[in-house]
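A quick write-up on the structure given underneath.
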Amino acid sequence: MLLTLPDVLLENELTTIRGLLKQAQWVDGRHTAGIQAAQVKNNQQLAEQDPLLANIRGIVLQALHRDPLFFSAVLPDKILPPFVNRYSGDTNHYGFHVDNAMRSMPDGSARVRADVSATLFLNDPDDYEGGELVVQDVFGDQRVKLKAGAIVIYPSSSVHAVTPVTRGERLASFMFIQSMVRDAAHRRMLFEMDMALVRLRQQHGETPEVVQLTGIYHNLLRQWAL
Ligand SMILES: O=C(O)CCC(=O)C(=O)O
Ligand SMILES: [Fe+2]
């Protein structure tokens, strides 16, 4: 399932992040890529030890935690601290690749299995030409370019790329998340059921059927959560 959520970041958070990024020292993005991905990666990132990154991570994680749709769709267990990247010039791009299945928390405290990958857009599509995230899907390639503050989430198992930025610069935060529910099909069913329950509750209130279906939602989560 590929899902986009608008307005994850508030306007003032975007302003703060973009202000911080004006002072950024960018490093080669290949440092954090796996062996296959590094061969096709051509962009820049904030360095792991950059104090700006810690600041931005705090803002992004706080925004994700307050978003109920993000929670329902991802069912996050562990979020690897988000990275920040930039594509600029007329050649920066990221060729087709897969994200590493396993990563370590920066302090080595835990391993994180990438179930869900996400890109949170930090500037507007008008600021640059190209820079589409292309995610291969059974229904064909999905091309995504969102307004600042919006996020796209997709299964980490998908082959994906970012097309060359031929004008301006594209700023984003990208991240890898271990879900409580490993199987993407199970996650999708839970998300659809949760959304249907929200609508049923709005239409009919807390009826016995709504209560019973809510119980089934939680029992499925209990079955599937690792
Ligand atoms: O820049 C993006 O939107 C995606 C980056 C990406 O796929 C990655 O770093 O693995
Ligand atoms: Fe990727």
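Ligands are counted one by one from 1 in listed order, and the atoms in each one are counted from 1 as well. Numbers here are sequence positions counted from 1. Not measured: the values here are computed from a predicted model.
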Report summary line: For the Fe ion (ligand 2), angle spanned by His160 NE2 and Asp99 OD1 (nearest 10°) is 100°

**Report entry** Greater than 12 external heavy atoms within 6.0 Å of Arg66's CZ
**Finding:** yes

Query raised in the report: Would Phe191 and Met195 count as a side-chain contact (heavy atoms from CB on, under 4.5 Å) if you check the C-alpha gap in whole Å, the side-chain angles of each, and the deciding distance to 0.1 Å?
Result: CA-CA 6 Å; Phe191 179 61; Met195 292 302 100; 3.8 Å; yes

Report summary line: Within 4.0 Å of some non-hydrogen atom of His160, the atoms of ligand 1 are 7 (O)

Report task. Give me the ring orientation class for Phe176 and Phe174: parallel if the planes are under 30° apart, tilted from 30 to 60°, perpendicular past 60°. Result -> perpendicular

Requested in this report: Using a strict 4.0 Å cut-off to heavy atoms of Val162, name the atoms of ligand 1 that fall inside it.
Outcome: 1 (O), 2 (C), 3 (O), 4 (C)

Report summary line: for atom 9 (O) of ligand 1, nearest protein heavy atom and its distance come out as Phe174 CE1, 3.1 Å

Requested in this report: Using a strict 4.0 Å cut-off to heavy atoms of Arg170, name the atoms of ligand 1 that fall inside it.
Outcome: 1 (O), 2 (C), 3 (O)

Query raised in the report: Quick one: does Met180's side chain get under 4.5 Å of Leu226's, heavy atoms only?
Result: no

Query raised in the report: side chain to side chain donor-acceptor pair (under 3.5 Å) between Ser72 and Asp194: does it pass, once the steps are laid out?
Result: CA-CA 7 Å; Ser72 177; Asp194 191 28; 2.7 Å; yes

Report summary line: Looking only at protein heavy atoms, what sits closest to atom 10 (O) of ligand 1 is Asp99 OD1, 2.9 Å

Query raised in the report: Relative to Tyr217, does Arg222 satisfy both conditions: NZ or CZ under 6.0 angstrom from the six-membered ring centre, and within 45 degrees of the ring's axis?
Result: no

**Report entry** Identity and separation of the nearest protein heavy atom to atom 4 (C) of ligand 1
**Finding:** Thr119 OG1, 3.6 Å

Query raised in the report: What's the shortest distance from atom 8 (C) of ligand 1 to any protein heavy atom, and which residue and atom give it?
Result: Tyr94 CE1, 3.3 Å

Requested in this report: Run through Ser157, Ser158, Ser156, Ser117 and flag the one making a side-chain hydrogen bond (donor to acceptor under 3.5 Å, both in side chains) with Asp99.
Outcome: Ser117

Report task. Could you establish whether Tyr87 and ligand 1 come within less than 4.0 Å of each other, counting only heavy atoms on the residue side? Result -> yes

**Report entry** Thr32, portion touching ligand 1 at heavy-atom distance under 4.0 Å
**Finding:** neither

